[in-house]
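Below you'll find the structure, written out as structure tokens, and then a few comments.
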Protein chains: 2
Amino acid sequence: MSLRHAILVLLQDEEASGYDLAREFANSIGLVWNATHQQIYLELGKLNEQNMVHYRHVPQDGKPDKKLYRITDEGRQELVRWLRRPAAPARVRDAFMVKVAGGALADPETLLGELDQLVQQRKERLANFEAEARKLERQSEGNSRFQHLTLRRGILDQEAWLAWAEEVREVLEDTLNHQH
Amino acid sequence: MSLRHAILVLLQDEEASGYDLAREFANSIGLVWNATHQQIYLELGKLNEQNMVHYRHVPQDGKPDKKLYRITDEGRQELVRWLRRPAAPARVRDAFMVKVAGGALADPETLLGELDQLVQQRKERLANFEAEARKLERQSEGNSRFQHLTLRRGILDQEAWLAWAEEVREVLEDTLNHQH
DNA sequence: ACGACCATGTAACAGGTTACATGATTCT
DNA sequence: AGAATCATGTAACCTGTTACATGGTCGT
């Protein structure tokens, strides 16, 4: 149960709304920990009850009002306690990989099509991460080195995936040629 | 809901018990899709009810009896249907990465210790994958090229992680030196 | 003696997903 | 006219985890 800790880590640097957090989970941190807005609103509610975060209500015009959350001392203490405990082992759930493993049954054209789409997505993500990393490299305050590491992880991960995708493409194209 | 499909993919090549599958999920496929024995036994039960797998009861001496499952035609059809549908986006849950992102609050010694342990684990996994890959390269039948791709993914993933870990180590050691 | 391996399962609970609900503004 | 963005939430449902339960063999 450490969605709460991921949220606390994000709130360490900035005041944010549930919506803001959902965006971050969809982008940068999403590679490492993902969550939908429903989960996030729920967890923010609990964290607030337990005094680990506080919020202020911000009315806006043209847009719906929002709640800006920030971490409390209690929240920071909880984070520190969690950081000391050994991390739960990493888990992955990658359906496309399962497909490749079962590739003999699939038809190669469809898989190639899907591969192309995923390559496209990963390349975009890679470009985003690289742009963000360059931004961070220019300004170096407190936590930025650690944020930079998160981005580096994202970059290395995309690169590894793309290299692998090329190997997959070769095998699929080969399978295709031998069918004719 | 595609634990069922991961199981069907594994059963494509071989007859296996729930226990066998659990071992595979813990090792090779685990990097890509993880599941505990409880989940697996439950899912095998459902798959059996729906005639997607069948099993034969195998008495053993010295060891408990086991059920060896194999995929049925219906199961294979279901797999093919699933392979045609676009895969659900990959999800990750890596608590250690979240820790690194919140690194400013953590004490570097503890994180370095944990990093060392994880590096150790990943190196072992890498060695395993490489050994398995070499085995597969010698024998090349039907599905082995796709199994090989799965292993390649594992290998590239470990390598990328280890490269990243070195960057993390540098930052942590640096933080440590500046504290004194 | 003690732990690891083989082998299967049930039950309670926590976590996560999908569907539903609302509504103004801005871009295409 | 339609889709996307901002912004919050509830409820039903499905999935996944943790705890419990059993018991023989083999290696150290």
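Just so it is clear: chains get the letters A, B, ... in the order the sequence lines come, proteins before strands, and each one is counted from 1. Here the structure is a predicted model, which is why all the values come from computation and not from measurement.
Whole-Å rounding puts the A/Q60 CD to C/dG23 P distance at 18 Å. In this structure, B/L42 places its CG atom 14 Å from P of C/dA12, rounding to the nearest Å. Atom P of nucleotide D/dC6 and atom CG of A/L68 are separated by 14 Å, given to the nearest angstrom. Distance B/K63 NZ to C/dT8 P: 12 Å, rounded to the nearest Å. Between B/R4 atom CZ and D/dT15 atom C1' there is a gap of 13 Å when expressed in whole angstrom units. If you measure from atom NE2 of A/H37 to atom P of D/dT8, you get 10 Å, rounded to the nearest angstrom. Atom CD in A/E43 sits roughly 8 Å away from atom P in C/dG15 (whole-Å rounding). The distance from atom CD of B/Q38 to atom C1' of D/dC14 is 17 Å, rounded to the nearest whole Å.
Taking the nucleotide of DNA chain D with the nearest heavy atom to each of B/G62 and A/D20, the more 5' of the two is matched to A/D20. Taking the nucleotide of DNA chain C with the nearest heavy atom to each of A/A35 and A/D61, the more 5' of the two is matched to A/A35.
A salt bridge links B/R145 and A/D174; the closest N-O separation between the charged side-chain nitrogens and carboxylate oxygens is under 4.0 Å.
The phosphate of C/dT8 has OP1 or OP2 within less than 4.0 Å of a side-chain N or O from B/S17. Note on A/R91: a side-chain N or O is less than 4.0 Å away from OP1 or OP2 of D/dT17. Regarding contacts with the backbone of D/dG9, every side-chain N or O of A/Y41 stays at 4.0 angstrom or more from both OP1 and OP2.
Comparing D/dA7, D/dT17, C/dG16 by their closest approach to the side chain of B/Q39 singles out D/dT17. If you check C/dT18, C/dC6, D/dT17 against the side chain of B/R23, the one that comes closest is C/dC6. Taking every side-chain heavy atom of B/Y69 into account, C/dG9 is the closest of C/dG9, C/dA7, D/dT8.
Side-chain atoms of B/E24 and B/E14, non-hydrogen and from C-beta on, do get closer than 4.5 Å to each other. In this structure, the side chains of A/R4 and A/I7 stay at 4.5 Å or more apart for every pair of heavy atoms.
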What's the verdict on side chain to side chain donor-acceptor pair (under 3.5 Å) for B/H148 and B/E132, showing C-alpha distance, side-chain angles and the deciding distance?
-> CA-CA 9 Å; B/H148 189 254; B/E132 286 295 318; over 6 Å; no

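A/L42 CG to A/Q38 CD: the interatomic distance, rounded to the nearest 0.5 Å, is 9.5 Å.
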